[in-house]
Amino acid sequence: MDYLSLIQQPIVDELNDFDYLYNESLSHGDGLLSQALSHIRQRKGKRMRPMLILLIAKNFNGVTSIAQHAAVGLELLHTASLVHDDVVDESGERRGQASVNATYDNKVAVLVGDYILSTALLQVSFTHSEAIIQNLANLGRTLSNGEILQLSNIQNQDISEEVYYQVIKQKTAALFESCAVIGAQAGKATPEEVEAAREFGQTLGIIFQIRDDIFDYFESKEIGKPTGNDMAEGKLTLPVIYALNSTHDAAMLRLAHKVKDNTVTPDEIAQLVAFTKQQGGIEYAEQRMGELHQQALAFIDKHVIDADIKNALQAYIDYVVKRTK
């Protein structure tokens, strides 16, 4: 099923307007900065976050210039965070092409990320909405805090689902949450509707991250990262956390702590991956996604009237659950 076409169907014109505004905001006349921004524009993603803002805004009161500037501002903030993340992670690739830091160097990447972040703030200021500006500013703080929490969690010897959810709520889920809230605010939703949208966005974000984490247990050229990549970076995700806590296997727990200490070998990672699959870690994560899927559908049933938008948001959830990369 072509989920993306279903998602885009009610907002085709609005997405075209978004693309124009986003590309304009990432254009510059000067040499090196112009080259770096052009490089970033070429790695156009699926626009999952802007689409969510536009769909939620259209659901409540239509897509205005407020929603468009808010969508561009949030996508720019996300883009800036990815540029900076690639520097922190020493990543050489992003979305199938060389990262900014690999193409130029870390200094250029940090400065380009700063420029994009400032542009995000400029775009969101055009909304003249204090609530939306505060939301985006708080999102930037939350994303940074989530990254720091993840780094500190690598040193934490406890292996718990609670800490796992703390991290992903402040990283991936925070972005989707802000998209839903900003869309509702731009659409002049009531406080109750804004809060419902917040819960919907957070639920979507958690599903998105769990699906991402499941990918790490399977080889796939389509996904573009090797099996066990998260463990190689010191991260234990939901499937292995469940397997460890449900079995209390001493040998596997020792390997898990080696993951956190960054002393684990590729063979030991392969053992943990196989152990996770054998002990039902993947099935458990799939089950959690199913439960969250039902929670997300409840928002649509209660707060979405228009049939096209209802279908689009249902397709959005289905895509997040069933995507293959």
Side-chain angles (χ1 to χ4, degrees), residues 2-26 41 44-81 116 119-129 131-133 135-136 139 172-190 193-205 207-208 296-297 299-300 302-320 323:
D2 187 356
Y3 290 115
L4 290 175
S5 292
L6 282 172
I7 296 166
Q8 294 168 4
Q9 192 269 328
I11 50 168
V12 171
D13 293 338
E14 291 87 346
L15 264 179
N16 288 334
D17 292 341
F18 167 84
D19 282 339
Y20 176 79
L21 195 58
Y22 179 78
N23 288 330
E24 279 291 298
S25 71
L26 279 181
R41 286 199 309 274
K44 177 180 173 182
K46 296 182 180 66
R47 302 171 298 184
M48 295 302 292
R49 294 158 192 85
M51 287 193 298
L52 183 56
I53 292 176
L54 298 176
L55 283 170
I56 296 290
K58 189 155 191 175
N59 176 62
F60 286 113
N61 201 39
V63 176
T64 63
S65 63
I66 293 173
Q68 288 288 8
H69 285 297
V72 172
L74 187 136
E75 187 69 356
L76 287 170
L77 175 65
H78 177 52
T79 301
S81 74
I116 297 171
T119 308
L121 297 175
L122 180 62
Q123 282 293 324
V124 80
S125 75
F126 295 149
T127 67
H128 302 291
S129 166
I132 292 175
I133 292 168
N135 191 304
L136 195 80
L139 173 61
T172 310
L175 269 166
F176 286 88
E177 183 180 328
S178 282
C179 287
V181 169
I182 285 173
Q185 289 171 333
K188 301 192 184 308
T190 67
E193 290 167 336
V194 170
E195 184 55 35
R198 182 190 305 281
E199 292 177 9
F200 174 70
Q202 184 184 86
T203 301
L204 269 178
I207 296 170
F208 191 96
L297 288 174
F299 167 84
I300 297 173
K302 184 174 180 180
H303 295 284
V304 182
I305 304 300
D306 182 272
D308 288 340
I309 297 175
K310 189 184 284 276
N311 289 336
L313 286 173
Q314 287 172 342
Y316 196 111
I317 303 170
D318 289 341
Y319 175 78
V320 170
R323 67 197 175 92

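- The side chain to side chain donor-acceptor pair (under 3.5 Å) analysis of residues 194-205, with sequence neighbours excluded, yields the pairs Glu177-Arg198, Glu177-Gln202, Glu195-Arg198.
- Rounding to the nearest 0.5 Å gives a distance of 12.5 Å between CD of Gln68 and OG1 of Thr127.
- In this structure, Asn59 and Lys310 have side chains that are not in contact, with every pair of non-hydrogen atoms separated by 4.5 Å or more.
- Looking only at distances, a side-chain donor or acceptor of Arg41 sits under 3.5 Å from a matching main-chain atom of Leu26.
- Below 30°, between 30° and 60°, or above 60°: for Phe299 and Phe200 the angle between ring planes is below 30°, a parallel geometry.
- Nearest heavy atom pair, residue His303 against residue Phe60, reads O-CE2, 4.4 Å.
- Taken to the nearest 0.5 Å, the CG atom of Leu77 stands 7.0 Å off from the CG atom of Leu175.
- Under the salt bridge (charged side-chain N to carboxylate O under 4.0 Å, His left out) criterion, the residue pairs touching residues 53-62 are Glu14-Lys58, with sequence neighbours excluded.
- With sequence neighbours left out, the side chain to side chain donor-acceptor pair (under 3.5 Å) criterion links Thr64 to no other residue.
- Nearest heavy atom pair, residue Ser125 against residue Ile133, reads CA-CD1, 4.1 Å.
- Residues meeting the side chain to side chain donor-acceptor pair (under 3.5 Å) test with Tyr319, sequence neighbours left out: none.
- Here the closest non-hydrogen pair linking Val181 and Val194 is CG1-CG1, 3.9 Å.
- For the side chain to side chain donor-acceptor pair (under 3.5 Å) condition, the pairs that include at least one residue of residues 16-26, sequence neighbours left out, are Asp19-Arg47, Tyr22-Thr79.
- Residue Leu52 comes nearest to Phe176 through the heavy atom pair CD2-O, 3.7 Å, listed as atom of the first residue, atom of the second, then distance.
- Between atom NE2 of residue His78 and atom CD1 of residue Ile116 there is a gap of 11.5 Å, rounded to the nearest 0.5 Å.
- Between Pro50 and Phe18, the closest heavy-atom pair is CG-CZ, 3.4 Å.
- Residues forming a side-chain contact (heavy atoms from CB on, under 4.5 Å) with Ala312 (at least two apart in sequence, or on another chain): Pro10, Leu55.
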side-chain contact (heavy atoms from CB on, under 4.5 Å) between Ile56 and Ile309, intermediate numbers included: CA-CA 8 Å; Ile56 296 290; Ile309 297 175; over 6 Å; no
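- Not counting sequence neighbours, Asn311 has no partner by the side chain to side chain donor-acceptor pair (under 3.5 Å) test.
- Legend: salt bridge (charged side-chain N to carboxylate O under 4.0 Å, His left out) pairs involving residues 181-190, not counting sequence neighbours: none detected.
- To the nearest 0.5 Å, atoms CD1 (Ile66) and CD1 (Ile132) are separated by 6.0 Å.
- Applying the side-chain contact (heavy atoms from CB on, under 4.5 Å) test to Leu297 and every residue at least two apart in sequence or in another chain returns His293, Gln294, Ile300, Gln314, Ile317.
- Put simply, SG on Cys179 and CG on Leu204 are 9.5 Å apart, with the number rounded to the nearest 0.5 Å.
- Contact detail for Ala57 and Val63: the closest heavy-atom pair is CB-CG2, 4.4 Å.
- By the side-chain contact (heavy atoms from CB on, under 4.5 Å) test, Ala315 pairs with Tyr3, Leu6, Ile7, sequence neighbours left out.
- If you take CG on Leu136 and OG on Ser129, they are separated by 11.0 Å, rounding to the nearest 0.5 Å.
- Exactly one of Thr119, Leu21, Ile53 qualifies for a side chain to side chain contact (heavy atoms under 4.5 Å, CB included) with Val72. That residue is Leu21.
- Partners of Arg323 by side chain to side chain donor-acceptor pair (under 3.5 Å), not counting sequence neighbours, listed by chain and number: Asp212.
- With Phe208 as the aromatic partner, Arg49 meets the cation-pi criteria of under 6.0 angstrom to the ring centre and within 45 degrees of the ring axis.
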